[in-house]
Participant: 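Input: one structure, supplied below.
Note: hydrogens, waters and symmetry copies are ignored here, and every other heavy atom, side chains too, is used. Numbers restart at 1 for each chain; the letters A, B, ... are given by sequence-line order, proteins then strands.
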Protein chains: 2
Amino acid sequence: MDEPKIRNMEDFATVSGISRPTVSKYFNDPQSVRESTRQRIEAALEKFDYRPNMYAVNQNRRLTKNVGIVVPYLADPFFAEIARNIENLVIETGFRPILLSSHGDPQQEINNIESLRSIKPAGVLMAPLGRLSDREQIRAFCDDVPTVLFDNSIESAGEAFFGMDNEQSIGLIVDYLCRTGEPPVFFEMRTPPNPNAFKRRNAYKGKMERLGLEPVMLQVEGEGWDFEQIGFNGASRLISEGRLPTNTVLCSNDRLAIGFLSAAFELGRKVGIEPDCTLRVAGHDDHPFSRFTCPRLTTVSQDYTSIAQKSVETLFSLIDSGQRAPSRVTTLFDGRLVMRGSA
Amino acid sequence: MDEPKIRNMEDFATVSGISRPTVSKYFNDPQSVRESTRQRIEAALEKFDYRPNMYAVNQNRRLTKNVGIVVPYLADPFFAEIARNIENLVIETGFRPILLSSHGDPQQEINNIESLRSIKPAGVLMAPLGRLSDREQIRAFCDDVPTVLFDNSIESAGEAFFGMDNEQSIGLIVDYLCRTGEPPVFFEMRTPPNPNAFKRRNAYKGKMERLGLEPVMLQVEGEGWDFEQIGFNGASRLISEGRLPTNTVLCSNDRLAIGFLSAAFELGRKVGIEPDCTLRVAGHDDHPFSRFTCPRLTTVSQDYTSIAQKSVETLFSLIDSGQRAPSRVTTLFDGRLVMRGSA
DNA sequence: ATTTATTTTTTACGCGCGTAAATTTTTAGC
DNA sequence: GCTAAAAATTTACGCGCGTAAAAAATAAAT
């Protein structure tokens with residue numbers, strides 16, 4: 001097509017008729033050059049399709065235009081959704097998102113932050129694994145790179161934390177369940193990987209006590225992130241052995257509830273609020289699939305749009321200011337009751 | 001801790017007592033230096049925690065140690081799972097995976113491959129969006145970068161393609177359904193985003209005709225990747241309007257089936273193979289959630305472990321050889337019947 | 001101990017770009 | 001048309017590393 005092969009910015013500057021420093025200026029901020037100059041560059045850009053070598057560009061920059069996003073488990077649609085939201089917001093701002101999943105593995109999480117270090121990101125948005133996280137390593141990382149945590153917090157790590165208010169949300173659904181039927185028992189993993197689970201456990205306990213009711217925990221065995229299976233196994237045993245003390249079950253999260261509902265169905269227990277039902281099941285999170293369970297799952301929705309939005313906003317205000325946050329702010333969003341058929 | 005601040009390889013070479021070129025050699029391949037030298041470097045590495053500036057390293061390399069992974073929709077647990085598999089395999093090989101999702105958007109897909117270009121990856125593993133993909137752009141990209149396609153193919157693009165044999169898998173489940181009850185109707189989107197859907201449609205049609213049966217398509221409206229919702233809406237209408245011509249439904253994929261089952265449950269239609277059931281529903285893919293539907297979904301499993309493995313193997317044999325594939329090979333894996341309660 | 005093969009060191013250059021300083025050109029204001 | 005301000009150009013240096021070539025040091029083998 002076009003005669004000269006463009007190998008670098010020098011070549012491109014020549015064919016566009018502009019000096020290299022000005023072209024460099026253009027690529028760093030197109031608005032920083034005169035209108036007429038911009039047009040000439042962009043005209044050349046159409047003809048020759050040159051793009052700066054990103055490695056050379058970033059070599060001398062203390063910070064790049066990269067933003068890291070770390071989630072604990074990407075195969076969980078909840079995190080996939082929130083990652084998608086965050087990714088788009090980061091792109092809108094003109095930065096390049098680098099999405100990393102820890103796959104539920106603490107070692108992977110360390111690898112991910114190591115990997116991010118070498119990328120020299122302008123900032124990082126991170127949802128830590130939680131219980132299994134190497135807190136010290138994460139704190140050290142947060143000291144070096146402006147980091148906003150979300151979903152679950154690590155004490156005194158990161159510039160800010162955005163999550164949901166488990167006290168509020170659990171209170172909300174416990175209230176609802178008590179108001180409309182028997183008080184709920186709490187169905188959860190005995191050793192959950194996610195610290196939010198502990199907060200919810202305590203929130204349930206506190207709320208029940210405040211209501212003058214006795215909290216009952218049903219703690220099932222299981223490790224890892226295969227929550228549906230763990231919920232299914234646990235519920236199968238509880239139901240078939242008749243060890244359910246009430247007809248109302250509040251699950252620590254929707255994925256456990258999905259397993260629970262599946263087990264209940266298998267065992268012929270009719271779940272729901274219809275007169276012929278013998279069991280009520282509620283979840284927590286408003287997981288993308290919770291509207292397609294049988295029956296459809298009553299739950300508390302996490303406001304992940306707000307979590308994503310606020311996390312990104314906060315990170316970029318830090319990046320723009322070039323400073324660190326004067327103090328670590330924790331922001332908790334309220335859950336919203338989502339009434340469907342299961343409770 | 002340690003006095004001298006290590007700013008670059010020069011500094012590190014000094015403190016480790018080795019010359020910079022040798023240190024450079026070590027980082028490119030630790031096995032390429034003498035045992036005693038390696039130990040001295042690694043001893044220094046423990047003390048001083050230096051890592052090469054990846055931007056400087058890659059600046060002059062024609063190819064980096066990066067491998068791109070592009071999936072059409074990461075919020076779909078099926079792709080999340082296959083991405084997870086591929087990521088791990090890539091890491092094992094000592095390369096750095098760069099995971100990108102097109103979020104169901106053709107423009108994003110283009111952005112992703114543009115983004116990959118500037119990273120100069122050694123190779124790319126890509127599952128194209130399919131119907132909406134800009135085939136020309138993808139072909140152009142595949143010409144420049146060694147690329148292996150998976151999940152769905154784009155004619156004459158990429159060095160190889162790995163996917164599943166829809167003819168075989170649909171044949172398998174149609175056979176099963178016909179053998180055990182009424183022949184199935186085919187439930188699908190009228191305009192699916194994924195070309196595999198067309199292959200399955202044709203496979204169903206062909207198989208039914210070969211069995212001397214009349215194929216019946218139930219095509220529901222809907223755009224995008226919100227398959228469960230689309231399946232739910234479509235099934236709700238079909239069931240409530242009594243437009244289901246048989247009692248057996250084969251869904252084009254599991255996510256549609258999940259929506260279908262949810263709708264059937266809502267409308268009080270009992271699904272399964274028990275005597276009191278009035279509907280059988282089967283899916284396709286063995287989606288991670290299909291074992292927790294109510295009833296549990298009978299389906300055909302995609303062998304995504306093999307797809308991931310073979311795709312990665314093929315890409316790395318290309319990368320290692322430094323050559324392009326002599327001819328484009330298409331490999332299709334058989335599906336396996338997964339009998340559960342729904343059909 | 002000598003020869004030979006292997007590895008390391010020394011020296012030096014280049015990659016593609018950011019960026020600073022001084023100079024020249026263009027634009028805007030009157 | 002003149003002046004001041006804004007923008008572009010010229011020139012030059014540095015970043016952190018890869019890598020080539022020649023010299024020196026080390027290891028292995030006789």
Participant: Can you tell me how far P of D:dG18 sits from CE of B:Met54, to the nearest Å?
Facilitator: 12 Å
Participant: Less than 4.0 angstrom between a side-chain N/O of A:Tyr55 and OP1 or OP2 of C:dG18, yes or no?
Facilitator: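 No.
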Participant: Go through the steps for B:Tyr304 and B:Phe333 under the test ring pair (Phe, Tyr, Trp, His ring centres under 6.0 Å), then give the verdict.
Facilitator: CA-CA 9 Å; B:Tyr304 52 72; B:Phe333 293 94; over 10 Å; no
Participant: Taking the six-membered ring of A:Phe162 as reference, does the cationic atom of A:Lys310 (NZ for Lys, CZ for Arg) lie under 6.0 Å from its centre and within 45° of its axis?
Facilitator: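 No cation-pi geometry.
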Participant: Report the distance from atom CZ of B:Arg38 to atom C1' of C:dT8, rounded to the nearest whole Å.
Facilitator: 15 Å
Participant: Measure CG/B:Asp11 against C1'/D:dC15 and give the value in whole Å, please.
Facilitator: 13 Å
Participant: Answer yes or no: does a side-chain N or O of A:Thr37 lie under 4.0 Å from OP1 or OP2 of D:dA8?
Facilitator: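 Yes, within the criterion.
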Participant: Need one value for B:Pro52: base, sugar-phosphate or nothing, where a base atom within 4.0 Å counts as base even if backbone is also close, heavy atoms only.
Facilitator: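 Result for B:Pro52 = sugar-phosphate.
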Participant: Would you mind reading off the distance between A:Asp29 atom CG and C:dG18 atom P, rounded to a whole angstrom?
Facilitator: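 So the CG-P distance, A:Asp29 to C:dG18, works out to 13 Å.
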Participant: Quickly work out the A:Met9 CE to C:dT19 P distance and round it to whole Å.
Facilitator: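 Roughly 11 Å, once rounded to whole Å.
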Participant: Strictly below 4.0 Å: does B:Ser19 bring a side-chain N or O up to OP1 or OP2 of C:dT9?
Facilitator: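 Indeed, a polar side-chain atom of B:Ser19 lies that close.
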Participant: Expressed as a whole number of angstroms, how long is the span from A:Ile18:CD1 to C:dC17:C1'?
Facilitator: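 Rounded to whole Å, this separation is 18 Å.
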Participant: Taking atom types as they are modelled, would you say the side chain of B:Arg20 forms a donor-acceptor pair with the base of C:dT11 within the 3.5 Å cutoff?
Facilitator: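 Answer is no: no donor-acceptor pair is held.
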Participant: Compare side-chain N and O positions of A:Asn60 against OP1 and OP2 of C:dT19 and report whether any pair is under 4.0 Å apart.
Facilitator: no
Participant: How close or far is atom C1' of D:dG14 from atom CG of B:Asn53, stated in whole angstroms?
Facilitator: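 B:Asn53 atom CG is separated from D:dG14 atom C1' by 14 Å.
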Participant: I want to confirm an ordering. Mapping B:Lys25 and A:Ser36 to their closest nucleotides on DNA chain D, which one lands closer to the 5' end?
Facilitator: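 This one resolves to A:Ser36.
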Participant: Say whether B:Asp29 and B:Ser32, considering side chains only, have a donor N or O and an acceptor N or O under 3.5 Å apart.
Facilitator: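 No, because no side-chain N or O of B:Asp29 sits under 3.5 Å from a partner of the opposite role on B:Ser32.
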Participant: Would you kindly check whether a donor in the side chain of B:Gln59 faces an acceptor in the base of D:dG18, or vice versa, at under 3.5 angstrom?
Facilitator: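 Not at all, since no donor on one side and acceptor on the other fall under 3.5 Å apart.
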Participant: Once you apply a heavy-atom cut-off of 4.0 Å, does A:Asn28 come out as touching a base, just sugar-phosphate, or nothing?
Facilitator: sugar-phosphate
Participant: Let me know, please, whether B:Arg34 or A:Glu10 comes out on the 5' side of the other along DNA chain C by nearest nucleotide.
Facilitator: B:Arg34
Participant: For B:Pro97, check side chain to side chain contact (heavy atoms under 4.5 Å, CB included) against everything at least two apart and list the hits.
Facilitator: B:Ile69, B:Glu87, B:Val90, B:Ile91
Participant: Students often get this wrong, so: under 4.0 angstrom with heavy atoms, is B:Phe12 touching a base, only sugar-phosphate, or nothing?
Facilitator: nothing
Participant: Under a 4.0 Å N-O cut-off, is there an ion pair linking B:Glu114 with A:Arg51?
Facilitator: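 A salt bridge links B:Glu114 with A:Arg51.
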Participant: Measure the angle between the two terminal helix axes of the helix from C:dA1-D:dT30 to C:dC30-D:dG1, five base pairs each, and quote it to 10°.
Facilitator: 10°
Participant: Tell me the interatomic distance from B:Arg61, atom CZ, to C:dC15, atom C1', rounded to whole angstroms.
Facilitator: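 It works out to 13 Å between those atoms.
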Participant: Mind checking if B:Tyr26 touches a base, just sugar-phosphate, or nothing, with heavy atoms under 4.0 Å?
Facilitator: nothing
Participant: With under 30° as parallel and over 60° as perpendicular, where do the rings of A:Tyr50 and A:Phe27 fit, or are they tilted in between?
Facilitator: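 Ring orientation, 0 to 90° scale: perpendicular.
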Participant: Check side chain to side chain contact (heavy atoms under 4.5 Å, CB included) between A:Arg61 and all other residues, then give those that pass, not counting sequence neighbours.
Facilitator: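 A:Arg61 satisfies side chain to side chain contact (heavy atoms under 4.5 Å, CB included) with A:Asn28, A:Val57, A:Asn58 once adjacent residues are dropped.
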Participant: Does the side chain of B:Thr22 get closer than 4.0 angstrom to OP1 or OP2 of C:dT7 through an N or O atom?
Facilitator: no
Participant: Does the side chain of A:Thr147 reach to within under 4.5 Å of the side chain of A:Leu125, using non-hydrogen atoms?
Facilitator: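 Answer no - side chains too far apart.
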